[in-house]
Number of protein chains: 2
Amino acid sequence: MSISERKERQRAERYELILSTACELAEAEGWDSVTTRRLAALIDYSQPVLYSHFKGKAEIVGAVAIRGFEELAERLKISKVGAAGQTNILRNVCAAYLDFARSRSVIYEAMFVLPTGLKFASEETPAALQAAFAELVAALGPKRDMLAMKAEVLWSALHGLAVLVQSERIPATGAEARLNVLVKAFS
Amino acid sequence: MSISERKERQRAERYELILSTACELAEAEGWDSVTTRRLAALIDYSQPVLYSHFKGKAEIVGAVAIRGFEELAERLKISKVGAAGQTNILRNVCAAYLDFARSRSVIYEAMFVLPTGLKFASEETPAALQAAFAELVAALGPKRDMLAMKAEVLWSALHGLAVLVQSERIPATGAEARLNVLVKAFS
DNA sequence: AAAAAATATCTAGCAACGACAGCTTTATGT
DNA sequence: ACATAAAGCTGTCGTTGCTAGATATTTTTT
């Protein structure tokens with residue numbers, strides 16, 4: 001079974017190559033430029049090969065998004081260490097979320113804006129996604145009533161800020177002050 | 001000069017026809033289905049005629065968006081009448097915003113999600129857009145410190161809720177409870 | 001009233017898109 | 001060595017946004 005193992009490994013490598021290339025291209029020129037043709041050319045395979053890995057373009061975006069959820073959950077977790085007091089934890093988590101949205105804006109777009117076909121808040125929700133949401137819930141502290149609801153509204157506010165600043169509907173200046181307002185409102 | 005007036009009027013009528021048709025088509029099948037060809041066929045003109053009115057597809061979406069801002073500002077204004085107390089005003093305005101996003105989701109998408117080339121928070125920001133934002137600011141009441149910042153965060157939260165519920169990333173149930181959380185956080 | 005200029009509109013086409021059917025090459029197991 | 005199965009490519013379909021060039025219509029000038 002060593003040969004088929006090798007094949008499978010090579011297939012997995014190509015899968016990764018597709019995702020990383022898609023990511024790089026999107027980062028360089030935006031998701032609109034990530035077409036199946038350009039992607040195929042960049043990985044030195046013909047276009048239909050992509051369809052042997054993914055059902056379509058949306059599924060490629062979705063796969064990138066899942067990687068993004070893993071990284072986001074990780075970053076939120078790390079942001080908590082060394083924070084003194086509940087308010088500080090909340091503040092750090094919010095800052096980490098917004099920083100992720102800013103520094104990985106292309107991946108963020110895949111996760112939360114583009115159509116991916118991913119299921120949220122259900123049985124088949126990817127584990128990474130659930131983990132990221134759990135970090136938000138935990139950041140709100142021990143006050144128990146309506147916890148999930150509060151987390152959803154907090155998440156909405158963070159997402160709104162991220163996406164409205166990104167699309168220049170809210171000016172980039174004043175991010176610090178808005179973070180202060182947000183943390184105060186939720187602590 | 002009566003003839004040229006008539007011509008100008010007919011041109012304006014066709015402009016309106018394009019916008020209303022685009023709106024109807026988007027409402028029926030989504031913005032992806034609003035292609036220049038289908039739009040042209042529906043108004044019984046050839047495709048290039050659209051380009052004599054608009055620079056491109058994005059500008060058509062932008063024109064629909066501006067109409068949306070007018071309606072949103074109007075709705076927010078109306079929502080205030082008969083509200084007793086500052087908190088009630090805030091609550092009504094938030095509810096009106098979310099209701100607009102829900103009931104006119106296609107127009108909302110044009111206003112806040114799709115690329116339109118509209119300038120926000122600048123000199124050339126459309127009046128309707130400024131008016132809508134002013135309603136949000138007013139809803140926060142007379143407390144003066146960081147008013148614009150607070151309004152931006154409130155708007156972000158509303159937008160986040162609207163868009164995350166719309167894309168089924170937050171469940172539709174519990175809208176009332178989330179509104180409670182939001183209003184409490186900002187009053 | 002005829003000729004010239006300007007305006008309005010259409011036909012046809014470009015380059016690029018996502019997706020797929022079917023053929024050809026390559027590798028596998030006997 | 002040979003049949004078979006898997007993998008990948010060429011070519012194509014139907015669309016997309018957008019535009020150049022041709023044509024018809026109206027307006028202005030002579």
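On a predicted model such as this, the values are computed, not experimentally measured, just so you know. Within every chain, numbering begins at 1; the chains are lettered A, B, ... in the order of the sequence lines, protein sequences first and strands thereafter.
- Spacing between atom NE2 of B/H53 and atom C1' of C/dT9 amounts to 11 Å, rounded to whole angstrom units.
- One atom, CZ of A/R11, and another, P of D/dA6, lie 13 Å apart when rounded to the nearest Å.
- Atom P of nucleotide D/dG14 and atom CZ of B/R38 are separated by 17 Å, given to the nearest angstrom.
- In this structure, A/L39 places its CG atom 11 Å from P of C/dC17, rounding to the nearest Å.
- Note on B/S46: every side-chain N or O is 4.0 Å or more away from OP1 and OP2 of C/dT9.
- Within the 4.0 angstrom heavy-atom criterion, only backbone atoms of the sugar-phosphate kind lie near B/R14; the bases stay farther away.
- Among the candidates B/F112, B/F100, B/Y108, B/F133, the single residue satisfying the ring pair (Phe, Tyr, Trp, His ring centres under 6.0 Å) test with B/F69 is B/F112.
- In this structure, A/R91 and A/Q86 have side chains that are not in contact, with every pair of non-hydrogen atoms separated by 4.5 Å or more.
- Residue A/R104 forms a salt bridge (charged side-chain N to carboxylate O under 4.0 Å, His left out) with just one option from A/E74, A/E109, A/E71, and that option is A/E71.
- OP1 or OP2 of D/dT16 lies within a sub-4.0 Å distance of a side-chain N or O belonging to B/T35.
- With B/L154 as the partner, the side-chain contact (heavy atoms from CB on, under 4.5 Å) test is satisfied by one option alone out of B/V93, B/L136, B/V183: B/L136.
- If you take CD1 of A/I60 and P of C/dG18, they are 9 Å apart, rounded to a whole angstrom.
- Where A/Y45 and A/R37 meet DNA chain D, the nucleotide closest to each residue was compared, and A/Y45 sits on the side nearer the 5' end.
- Side-chain atoms of B/Q47 come within donor-acceptor range of the base of D/dC18, with a qualifying N/O pair under 3.5 Å.
- Comparing atom distances between the B/P48 side chain and each of D/dG8, C/dC10, D/dG11 picks out C/dC10 as nearest.
- Atom C1' of nucleotide D/dG17 and atom CG of B/D32 are separated by 13 Å, given to the nearest angstrom.
- In terms of position on DNA chain C, the residue among B/D44 and A/Y51 whose nearest nucleotide sits closer to the 5' end is B/D44.
- Distance alone, capped at 3.5 Å, is enough to place a donor-acceptor pair between the A/K57 side chain and the A/V34 backbone.
- For the pair B/E59 CD and D/dG17 P, the interatomic distance rounds to 15 Å; values are reported in whole Å.
- To the nearest angstrom, P of D/dT19 lies 15 Å from NZ of B/K57.
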